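Note that the structure is predicted; figures quoted are calculated from it, not measured.
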Number of protein chains: 2
Amino acid sequence: MLSALIAHISKYVSLSDSDIQAIYKHTEPVNVKKKDYLLKEGQICRSNYFVAEGCLRMFFINEKGSEQITQFAIEHWWLADYMSFTMQSASKFNIQAIEGSVLIALDHHKQEELLKEVPQLERYFRLMMQRAYAAMQQRFKFLYDFSKEDSYLHFVNNFPGFVQRVPQYMLASYLGFTPEYLSEIRKKIR
Amino acid sequence: MLSALIAHISKYVSLSDSDIQAIYKHTEPVNVKKKDYLLKEGQICRSNYFVAEGCLRMFFINEKGSEQITQFAIEHWWLADYMSFTMQSASKFNIQAIEGSVLIALDHHKQEELLKEVPQLERYFRLMMQRAYAAMQQRFKFLYDFSKEDSYLHFVNNFPGFVQRVPQYMLASYLGFTPEYLSEIRKKIR
DNA sequence: CGGTCTCTTGACGGAGTTCAAAGCTAGTGG
DNA sequence: CCACTAGCTTTGAACTCCGTCAAGAGACCG
């Protein structure tokens, strides 16, 4: 499943055979079952994960003691708590598989080594970070602009396939409201 | 004021004299007065701005017709609508100076040229994007975790100097509530 | 089939908004 | 250096969206 990553990188920068060998040497494929954890609160986020297949969620435990989802990651996106990853300090987030998933893990120090060996990956990761950051800027706009009802409608229209893949209560959490209220919205729409 | 940028870059990667010359050639210093616009809704976000001195805000006009601030940028941070910047497509955001400011502007195509001439800047910008993205991940956590009152207290504690620099109503907008409610919170604290 | 997740319903309460008006403050020009 | 004005902040009352709690109905998995 490394081929999915190689294909993805190749869309942004060109790789020689020896570059591919270097990537092969520094990354580690990881197969996880539904509900397996990749990071738990209090641990250091040691790896940056590329989703080749499947789906992850990142969440934290809020002041009331319930799980609050902040991000999903589907095929061809990277996920990590980048504060913890960069500083190698304790994370306040959890990362968990929502489906059985195939991931490529890239450890912090392995990433540094790999970037030295294959410098054009600096460009690839810059573009990935820029893409992720741009998506977040858009998301902030929606968060501020839309009512909860509109947030839901917008999400459903923009990711029609994805809505089927996760339980409703996770969507509600991600969108910032309760499963009860989501139920209300869905009733209204019918 | 380019020296501020050179100093900042030098914290992350090392620059030769010719690298510095290249940076000098591709960037443009911009002096703006309070309330000057750097980007207006509908325009393409052509430049990435480094704040050497001063302060910017990014905002959009929400469904009710009022300004909603999504980001501030102070000294040593970069600001752009990265979706518009990357795709060179129309932006839905505005960028405006809150104070008289000294900026370094880097146009999209100039950035591409510069990155070709000085490849280690790919690393610098990767680190900047990663830092900005990490900050956003944290911010999402706070947004979901805190009540409006706690958001305000948290912001004041974390950026004590900054609160003096902007009008209260801009803070309220950034934190996602009304100036009236902010006034209520401030009364309660006293 | 039994038990544990997940989704729905309805009653109630409260954090935060809206609207309107008055009080401040700071910038500007005379 | 004062006076004027526009912009900013405060107040209070009415309202509303959405959360909380509790209980029941499905749905899925071993």
Atom-to-atom span, NZ of Lys35(A) to P of dT4(C) - whole angstrom = 13 Å
inquiry  = Classify the ring geometry of Phe72(B) against Tyr174(B): parallel below 30°, tilted from 30° to 60°, perpendicular beyond 60°.
reply    = tilted
request  = Assert yes or no for the condition that the ring centre distance of Phe93(A) to Phe59(A) is strictly below 6.0 Å.
outcome  = no
key: Residues forming a side-chain contact (heavy atoms from CB on, under 4.5 Å) with Glu184(B), sequence neighbours excluded   = Tyr181(B)
ask   = Taking CD1 from Ile185(B) and P from dA15(C), how many angstroms apart are they, rounded to a whole number?
value = 12 Å
request  = Strictly below 4.0 Å, heavy-atom distances to any atom of DNA chain C: list the hits from residues 154-171 of chain B, or just say none.
outcome  = none
query = Do Arg139(B)'s NZ or CZ and the ring of Phe140(A) fall within the cation-pi criteria of under 6.0 Å and 45°?
reply = yes
ask   = the helix from dC1(C)-dG30(D) to dG30(C)-dC1(D): angle between its terminal axes, five pairs each, to 10°?
value = 60°
key: Length of the CG-P vector between Leu182(B) and dT17(C), whole Å   = 10 Å
request  = Whole angstrom is fine here: how far is it from CD1 in Ile98(B) over to P in dC8(D)?
outcome  = 11 Å
task = Heavy atoms under 4.0 Å is the rule here; annotate nucleotides 11-22 of chain D 5' to 3' with B where the base is hit, S where only the sugar-phosphate is, and - elsewhere.
result = BS-----BSBB-
request  = Classify the angle between the aromatic ring planes of Phe50(B) and His8(B) as parallel (below 30°), tilted (30 to 60°) or perpendicular (above 60°).
outcome  = tilted
query = When clusters are formed from ILVMFWY side-chain contacts under 4.5 Å, directly or step by step, what else is grouped with Met87(A)?
reply = Met83(A)
task = Not counting sequence neighbours, which residues clear side-chain hydrogen bond (donor to acceptor under 3.5 Å, both in side chains) with Ser89(B)? List them please.
result = none
message = Does a side-chain N or O of Arg186(A) approach OP1 or OP2 of dC7(C) to a distance below 4.0 Å, or not?
response = no
inquiry  = Please confirm whether the ring centroid of Tyr133(B) lies under 6.0 Å from the ring centroid of Tyr82(A).
reply    = yes
query = Quick one: are the ring centres of Phe142(A) and Phe155(A) less than 6.0 Å apart?
reply = no
ask   = Taking atom CD of Glu28(B) as the centre, does the number of heavy atoms from other residues, nucleotides or ligands within less than 6.0 Å exceed 12?
value = no
request  = Report the distance from atom CD1 of Ile69(B) to atom P of dC8(D), rounded to the nearest whole Å.
outcome  = 11 Å
inquiry  = Using a 6.0 Å distance limit plus a 45 degree cone around the ring axis, check whether Lys92(A) lies over the aromatic ring of Phe60(A).
reply    = no
